[in-house]
Amino acid sequence: KQWYQRRVAITAGDDLCTTLVLHGEDHTMGNVVRHMLIKNPAVEFAGYSVPHPSENKINLRIQTYNTPCLSALYTALDDITDVCDHVLETIDKAEEKFQG
């Protein structure tokens with residue numbers, strides 16, 4: 001299995017309403033993914049929970065109007081990557097300006 005297949009499991013649902021378990025993640029990733037999901041107009045509901053503080057996993061629930069949940073998740077993850085890239089570029093430019 002690929003690394004992502006060991007870290008993500010679909011536990012319930014169908015194309016428009018899915019619950020996933022993200023192993024090895026906590027509130028940091030859960031809140032970021034939830035935030036990006038709810039910014040998508042195709043997403044009706046997005047939420048996450050940590051089942052127990054000693055468990056290093058989150059349950060992520062996605063419900064969409066007419067888009068497959070996994071498609072909405074992939075879009076959210078792409079958006080997170082874009083934001084992180086922008087932040088890194090901004091920091092690099094500020095560092096160059098400061099150094100130069």
Side-chain angles (χ1 to χ4, degrees):
K1 287 186 172 182
Q2 298 290 332
W3 67 269
Y4 57 86
Q5 290 173 320
R6 291 188 302 266
R7 295 197 55 188
V8 178
I10 298 174
T11 59
D14 55 35
D15 280 351
L16 301 181
C17 187
T18 302
T19 300
L20 303 100
V21 176
L22 280 64
H23 296 277
E25 300 299 343
D26 58 14
H27 286 288
T28 303
M29 181 60 80
N31 196 39
V32 170
V33 172
R34 181 198 60 81
H35 175 76
M36 283 300 186
L37 281 165
I38 60 174
K39 287 180 62 175
N40 183 340
V43 174
E44 183 176 3
F45 173 82
Y48 79 95
S49 65
V50 176
H52 190 275
S54 67
E55 293 183 275
N56 197 21
K57 66 181 180 179
I58 61 171
N59 297 321
L60 178 65
R61 179 78 168 175
I62 306 168
Q63 186 171 334
T64 61
Y65 292 106
N66 57 8
T67 302
C69 290
L70 292 181
S71 177
L73 177 61
Y74 295 147
T75 299
L77 295 173
D78 286 342
D79 292 346
I80 291 166
T81 301
D82 292 344
V83 168
C84 290
D85 289 344
H86 174 73
V87 169
L88 289 173
E89 289 172 16
T90 303
I91 289 170
D92 287 344
K93 287 178 185 177
E95 183 181 22
E96 287 174 13
K97 185 177 177 180
F98 180 76
Q99 298 291 337

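Quick note: numbers below take in every heavy atom, side chains included, and nothing from hydrogens, waters or symmetry partners.
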Trainee: State, to 0.1 Å, how close L37 and A72 come at their nearest heavy-atom pair, and which atoms those are.
Mentor: CD2-O, 3.6 Å
Trainee: Quick one: does any side-chain atom of R34 pair with a main-chain N or O of G47 as donor and acceptor, under 3.5 Å?
Mentor: no
Trainee: What are the two closest non-hydrogen atoms of I80 and M36, and how far apart are they?
Mentor: CG1-CG, 3.4 Å
Trainee: Is it true that L16 and L20 fall in one hydrophobic cluster, defined by side-chain heavy atoms closer than 4.5 Å?
Mentor: no
Trainee: Nearest 0.5 Å, please: how far is CG in L70 from CD1 in I62?
Mentor: 7.0 Å
Trainee: Hey, could you give me the SG/CD distance between C84 and E89, rounded to the nearest 0.5 Å?
Mentor: 11.5 Å
Trainee: Please check if V83 and L73 belong to a single hydrophobic cluster, counting links between Ile, Leu, Val, Met, Phe, Trp and Tyr side chain heavy atoms closer than 4.5 Å.
Mentor: yes
Trainee: What's the verdict on side chain to side chain contact (heavy atoms under 4.5 Å, CB included) for V33 and I58, showing C-alpha distance, side-chain angles and the deciding distance?
Mentor: CA-CA 11 Å; V33 172; I58 61 171; over 6 Å; no
Trainee: When rounded to the nearest 0.5 angstrom, what is the spacing between CG in N66 and CD in E44?
Mentor: 10.5 Å
Trainee: Are L77 and I10 connected, step by step, through hydrophobic side chains (Ile, Leu, Val, Met, Phe, Trp, Tyr) whose heavy atoms are closer than 4.5 Å?
Mentor: yes
Trainee: Flag yes if I38 and L60 sit in one hydrophobic cluster, no otherwise; membership is Ile, Leu, Val, Met, Phe, Trp, Tyr, and two members link when side-chain heavy atoms are under 4.5 Å apart.
Mentor: no
Trainee: So, for C17 and C69, which heavy atoms are closest and what is the spacing to 0.1 Å?
Mentor: N-SG, 3.4 Å
Trainee: For the side chain of T11 and the backbone of T19, is there at least one donor-acceptor N/O pair under 3.5 Å apart?
Mentor: yes
Trainee: If I take atom CD1 from residue I91 and atom NE2 from residue H86, how far apart are they, to the nearest 0.5 angstrom?
Mentor: 10.0 Å
Trainee: So, taking the atom named NE2 in H23 and the one named CZ in R7, what distance separates them when rounded to the nearest 0.5 Å?
Mentor: 9.5 Å
Trainee: Would you kindly confirm whether V43 and Y74 end up in one hydrophobic cluster when ILVMFWY residues are joined by side chain heavy atoms under 4.5 Å apart?
Mentor: yes
